[in-house]
Enquirer: 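One structure coming up, written as structure tokens, with questions to follow.
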Amino acid sequence: MAEQRPSGGVEQKNEARAESESGRASGLTVRFAHDSEAEFARILDFYGVAWEYEPRSFPLRWEEDRVVEAFTPDFYLPDLDLYVELTTLKQGLVTDKHRKIRLLGELYPDVRIKFLNKRDYLRLLAKYGYGPPSAEAIQAIDRVLITEAQLQRRVSELGAQVTKDYKGRAPLLVGVLRGVACFMADLMRRVSLPLAVDFMAISSYEGDKSGAVRILKDLDENVEGRDILVVEDIVDTGMTLNTLLNYLQARRPASVRVCALLDKRARRLVDVPLDYVGFEVPDEFVVGYGLDYRQVYRNLPFIATLQKDWMENGPWEMPGIVRPKKAPRKKEKSSKPPPPG
Ligand code: IMP
Ligand code: MG
């Protein structure tokens, strides 16, 4: 594993090292020697590619038993089994690096390494099937909180746990539209049980802290006597979930449990029991993997925060994107409920 450098630096999640923490974004700090490296790491996070920073040094030259020259590639990408060395513009350094890389190739023929400038690395990622999300989305993203790989890993763990806990039963998974679309689709394929799936659509009145909820689409299934697993994208104040749980309980199911992908615990107003939680997220508005901001960004494959100025001056006039009449959710300024629909 890499020595973490003592100076310089940008805070970055290192997905590869976070792996042992059951797929959670760990916020480990890696000190980068150059801004270009920090940016490369950010791009890798953005596309959900696991990386390690300077994990290994390759001895190149020895005098007696002493290593007198070594080469430490900037990054290792375990998913691609590839070392990456970022290039600089200083020609002298490039020539020296080329010489080292040639030596590396001779001494370690099985090691795959690429020598990349910025244009090259975007092309490389495209080649491996990562992204890109639309240019507008890339501009709007502030930070990727949970990468695609971390989501997939955690959803698999949740699916395995549900499978174990419901052994011998056939639960009914109840999802709340529309934010749960991605999570439900992935989770249900990770559960090895004869399960059924149903959806509800609920609209909460904005600006109404009492949590008045209208049911826009009711369940199609009869829940009486069934083992219900409510699947939620994110639990914020807990109002939506609380209302939903009361509604379900009144229909006399055998049991009700809750599986939430994201828990924004800091904002909880109603204490609702969560049986399964994917990730705890900070008190920030998040988008992606089903979650929207004004109906946009649901198709990002990761969970991210948006840049503040982008939230205010977003792409709301783009063709096909209709600026909604309603104020954005969670910015509860108006005390009047929005018109129905
Ligand atoms: P709650 O009733 O306050 O717990 O809100 C739950 C619902 O609000 C979720 O199901 C989401 O649809 C929405 N929501 C809450 N926080 C966020 C967020 O950060 N991003 C996107 N939607 C959110
Ligand atoms: Mg929702």
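Atoms within a ligand are numbered from 1 in the order they appear, just like the ligands themselves. Quantities reported herein were computed from a predicted structural model and do not represent experimental measurements.
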Enquirer: May I ask whether D292 has any heavy atom positioned less than 4.0 angstrom from an atom of ligand 1?
Expert: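 Checking ligand 1 against D292, which is what was asked, there is a heavy-atom contact under 4.0 Å.
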
Enquirer: Would you indicate which of V286, T243, L306 comes nearest to atom 20 (N) of ligand 1 when only heavy atoms are counted?
Expert: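 It is V286 whose heavy atom sits nearest to atom 20 (N) of ligand 1.
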
Enquirer: May I ask you to say whether D198 pairs ionically with R226, meaning some side-chain N is under 4.0 Å from a carboxylate O?
Expert: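 Result for this pair is no, no salt bridge flagged.
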
Enquirer: Please step through side-chain hydrogen bond (donor to acceptor under 3.5 Å, both in side chains) for the pair R267 and T237, ending with a clear verdict.
Expert: CA-CA 5 Å; R267 293 206 4 129; T237 64; over 6 Å; no

Enquirer: With a 4.5 Å heavy-atom cut-off, do V281 and I146 have their side chains touching?
Expert: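 Yes, their side chains come closer than 4.5 Å.
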
Enquirer: Should you measure from each heavy atom of F285, which atoms of ligand 1 turn up under 4.0 Å away?
Expert: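 The list of qualifying atoms is 17 (C), 18 (C), 19 (O), 20 (N), 21 (C), 22 (N).
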
Enquirer: Of all the heavy atoms in G179, does at least one lie under 4.0 Å from an atom in ligand 1?
Expert: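 Under 4.0 Å: no for G179.
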
Enquirer: Out of I113, L103, L107, which residue meets the side-chain contact (heavy atoms from CB on, under 4.5 Å) rule with F71?
Expert: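 Of the listed options, the one satisfying the test is I113.
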
Enquirer: Are the side chains of F183 and L158 in touch, meaning some heavy atoms are under 4.5 Å apart?
Expert: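 Side chain of F183 against side chain of L158, heavy atoms only: contact under 4.5 Å found.
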
Enquirer: For L291, counting its heavy atoms only, list the atoms of ligand 1 lying under 4.0 Å from any of them.
Expert: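 Numbered from 1, ligand 1 contributes 21 (C), 22 (N).
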
Enquirer: Which of the numbered atoms in ligand 1 are below 4.0 angstrom from a heavy atom of M239?
Expert: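 Selected atoms, number and element: 2 (O), 4 (O).
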
Enquirer: Do the non-hydrogen side-chain atoms of L306 and D142 ever get within less than 4.5 Å of each other?
Expert: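 No, too far: nothing below the 4.5 Å cut-off.
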
Enquirer: Using ring-ring contact (aromatic ring centres under 6.0 Å, His included), reason through Y53 and Y76 one step at a time and then give a plain yes or no.
Expert: CA-CA 7 Å; Y53 182 59; Y76 176 62; over 10 Å; no

Enquirer: Which atoms of ligand 1 are found less than 4.0 Å from any heavy atom of T237?
Expert: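 Heavy-atom distances to T237 below 4.0 Å select 1 (P), 2 (O), 3 (O), 4 (O).
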
Enquirer: As an exercise, identify every atom of ligand 1 less than 4.0 angstrom from a heavy atom of T240.
Expert: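 By the 4.0 Å cutoff, the relevant atoms are 1 (P), 2 (O), 5 (O), 6 (C).
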
Enquirer: Do the side chains of R153 and E148 get close enough for a salt bridge, i.e. N-O under 4.0 angstrom?
Expert: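 No, this pair does not count.
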
Enquirer: What part of R267, side chain, backbone, both or neither, has a heavy atom within less than 4.0 angstrom of ligand 1?
Expert: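 Neither; nothing of R267 gets under 4.0 Å from ligand 1.
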
Enquirer: So L291 and L262, do their side chains get closer than 4.5 Å, heavy atoms only?
Expert: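 A side-chain contact under 4.5 Å exists here.
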
Enquirer: Can you find an N or O of V287 that's nearer than 3.5 Å to an N or O of ligand 1?
Expert: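 By distance alone, the answer is no.
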
Enquirer: Out of all atoms in ligand 1, which are within 4.0 Å of some heavy atom of D233? Include the element for each.
Expert: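 Counting atoms of ligand 1 from 1, those under 4.0 Å from D233 are 9 (C), 10 (O), 11 (C), 12 (O).
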
Enquirer: Taking the minimum heavy-atom distance to atom 17 (C) of ligand 1, which of R268, K264, R178 ranks first?
Expert: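 Among R268, K264, R178, the closest heavy atom to atom 17 (C) of ligand 1 comes from K264.
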
Enquirer: Of the listed options (I234, L262, L269, V176), which comes nearest to atom 11 (C) of ligand 1 when hydrogens are ignored and any heavy atom counts?
Expert: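 The nearest heavy atom belongs to I234.
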
